[in-house]
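As structure tokens, the structure follows; a few thoughts come after it.
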Amino acid sequence: MEYYQKILCVTYGELTDGTDPIIRYNTLKSNIRRGNISVIHRGGGEGNCALIVYSSLQDKYKARFVAKYGDPEEILKQQRMRDMVKTDDKARAYYEAYTYDLNGTPTPLSDKLKAEYTLNASVLNALAADLEDKGLLIRLHNNCRRDLWETIAANSENLRDLYGHTLPANPVRLREKICQYRKEGYAALLSGKLGNKSTLKITPEAGAFLVALKRSRVPVYTNAQLFAEYNRVAPERGWKPLKSLNSVTQYLGRPDVEPLWYDAVHGELAAHQRYGRKHRTELPRRRDSLWYGDGTKLNLYYRDEDGKMRTTMVYEVIDAYSEVLLGYHISDREDFEAQYNAYRMAIQRSGHKPYEIVHDNQGGHKKLDSQDFFDKICRIHRPTAPYSGQSKTIESVFGRLQGQVLHRDFLFTGMNVTAKKASSRPNLEFIEANKDRLYTLAELKEHYAEARKAWNEAPHPATGIPRIQMYNQSVNEETEAVTVHDMVDIFWLWTDKPATFTPSGIAVTINGKKYTYEVFSAPGVPDHEWRRRNTYRQFYVKYDPYDLRSVRLYWKDKAGDLRFERVAEPYMVIHRAIQDQMEGEAAFIRQEQEANVRDRIERQVIAKEIEYAHGVAPEQHGLNTPKLKGIPAEVQREIDRRTKKYSRDPEEYQVGRAGKVISNISWDQLADRKVDPKRVAGKL
């Protein structure tokens, strides 16, 4: 798609490519031949293609084109906006060299201000050029476009979205800034607070005094009276007197000072309207572009275990494009557990990571954020503004869900208590008369699941298509599909503190319940070699709250990075009483007894080898190392042999045992001189 001779055009390929083309090739050729569709450029030659006038397409083809590619005018507009702004290198050099007087010291601009001013200058260059072009066209055609500055302001806002400049959003103030920029150049963008010597005379203490008097309602001061009162008390308080009323006016008009008194003079609502930015928003055009997460009262009464009438809460995650309720969790608190479960259900239902998530500032979200949960689940996440209903689109969905679906149940609790309509309030007398028909909590959850399904299958108010159908048919190319690795990375949680692996395994507490795990080398076989290296080592534990049959152990290196160690499984539990033991438990006990003996041998052997290597073994100084307690003599001889306590293997002195040794000797051992037959035979 492109503009050709200022006419919006699309290509043959865009209309006919793919398995499901916007218009079939033969149909397109036929329409062109009959004159129903216009061709403005026939193409031909390398790199040239035929261009078709977009406005000549029938409405049904335009609708298919927009559904497949998006609005061509908007796409080309965004592209044109990106091409409008060119970095002004002269502006960058100007702000790099600029300094201002700060308390008598020449001070350069901060890097942030340099970047901000350079960007604003570059954007103003583009807006000024756009204004010149549009003004020239107006003069050529002898027209009078009264909306010229509104158009320039709209372009400025589009560039704000693309680049994040800080030029005025108000069209009038923007016009003033452009005119000032034309006259003064780069200096027009410098803040008046930089190097303003008159404000330097007003210290923070003196400034607080002015603000206090400005806020005073008894009596009410004018700026002139403030100036007089300030200079009256200045000598006794050690402040410099002000030379002009303009000093007070400028100080109180500073952007950082004005909000401190504006509400007292003009009212808080006026202050909110003055300083609170108002958005004009458009809903997303595809699924998973934006998810909202928020908690609300589940507006149905139920009966608790004591038979009392109660309400509870639900945390919902919705897709802003389709209004589909993707995930939820019912609980009495909007906490970490509720939010975690709702987002997990939403991800499993979607199969994709959302591009953006908007949530409130509840404590559970802060815990999710501290574990980098949102950074893993989406590209962008942000909180809504507190006490700002218009910033919470999900509140509209909640209101319509309650008013269109949940209100059908006679157990409906009604809308918000501030609602004025009588139909928004519950019939408490009727509910009281039918308390025996209240849902149990389990029945409430089932009924709410049915209500959510009814909502998702109902027509979307903007399209008339069922919400779930809108969601399933939409495609978002910029969202990632969720893999098994993603599920582990996102939804497996960390324990708050590291735990120590002891001879009894590693114990962690999850949701108030204690779980113990150990590492296995094979099913049912504890890994003793790993235990010898890691017993009494601290590990961070990662677990899946939905499946605690295994956890993952991590250790932290010197750089503070976590390194995966092993997967641990529930600790083997056996019956103490022989009568209660099941098949295989006795064998497991013997297996572990032998493994513990081998561990004792290995510890002794390694330690003794170190002693002998460094000449500190007791035997090297005419002393004896104490023998191990509670082990057979054969084990002690094995330790002595492996630790070189004797220079050769212990000799058998019993005839039966010596004969057994000879019977186990093979001819290759004799050939290799591994065994001295005379020495063995001498024992018989």
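A quick note: this is a predicted structure, and the numbers were derived from the prediction, not measured.
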I would like to know whether Tyr98 and Tyr117 meet ring pair (Phe, Tyr, Trp, His ring centres under 6.0 Å); could you show each step before the answer? CA-CA 11 Å; Tyr98 181 82; Tyr117 291 156; 8.4 Å; no

Any donor-acceptor N or O pair under 3.5 Å, side chains Arg287, Ser350: yes

Partners of Tyr94 by ring pair (Phe, Tyr, Trp, His ring centres under 6.0 Å), sequence neighbours excluded? Tyr186

Thr463: partners by side-chain hydrogen bond (donor to acceptor under 3.5 Å, both in side chains), with sequence neighbours left out: none

Lys112: partners by side chain to side chain contact (heavy atoms under 4.5 Å, CB included), with sequence neighbours left out: Ser110

What residues, two or more places apart in sequence or in another chain, satisfy side-chain hydrogen bond (donor to acceptor under 3.5 Å, both in side chains) together with Arg379? none

Indicate yes or no: does Arg310 engage Asp332 in a salt bridge with an N to O separation below 4.0 Å. yes

Pairing residues for Glu229 by the salt bridge (charged side-chain N to carboxylate O under 4.0 Å, His left out) criterion, not counting sequence neighbours: Arg232

Contacts of Val220 that satisfy side chain to side chain contact (heavy atoms under 4.5 Å, CB included) - sequence neighbours left out: Arg217

List for me each residue that meets side-chain hydrogen bond (donor to acceptor under 3.5 Å, both in side chains) alongside His460, sequence neighbours excluded, and say none if there are none. none

Can you list everything that forms a ring pair (Phe, Tyr, Trp, His ring centres under 6.0 Å) with Phe491? Sequence neighbours excluded, please. Tyr340, Phe373

Option passing side chain to side chain contact (heavy atoms under 4.5 Å, CB included) with Pro284 (candidates Ser289, Ser322, Ser474): Ser289

Would you please name every residue forming a ring pair (Phe, Tyr, Trp, His ring centres under 6.0 Å) with Tyr302, sequence neighbours left out? none

Mind checking what makes side chain to side chain contact (heavy atoms under 4.5 Å, CB included) contact with Glu268, not counting sequence neighbours? Asp263, His272

Strictly by modelled atom types, are Tyr181 and Asn125 linked by a side-chain donor-acceptor pair under 3.5 Å? yes

Tell me every residue that passes side-chain hydrogen bond (donor to acceptor under 3.5 Å, both in side chains) with Glu480, counting only those two or more places apart in sequence or in another chain. none

Would you kindly say whether Asp288 and Tyr471 are connected by a side-chain donor-acceptor distance under 3.5 Å? yes

Taking 4.0 angstrom as the limit, do Arg160 and Glu157 come out as a salt bridge? yes

Taking ring pair (Phe, Tyr, Trp, His ring centres under 6.0 Å) as the definition, give me every residue that meets it alongside Tyr448, ordered by chain and number, with sequence neighbours left out. Tyr328

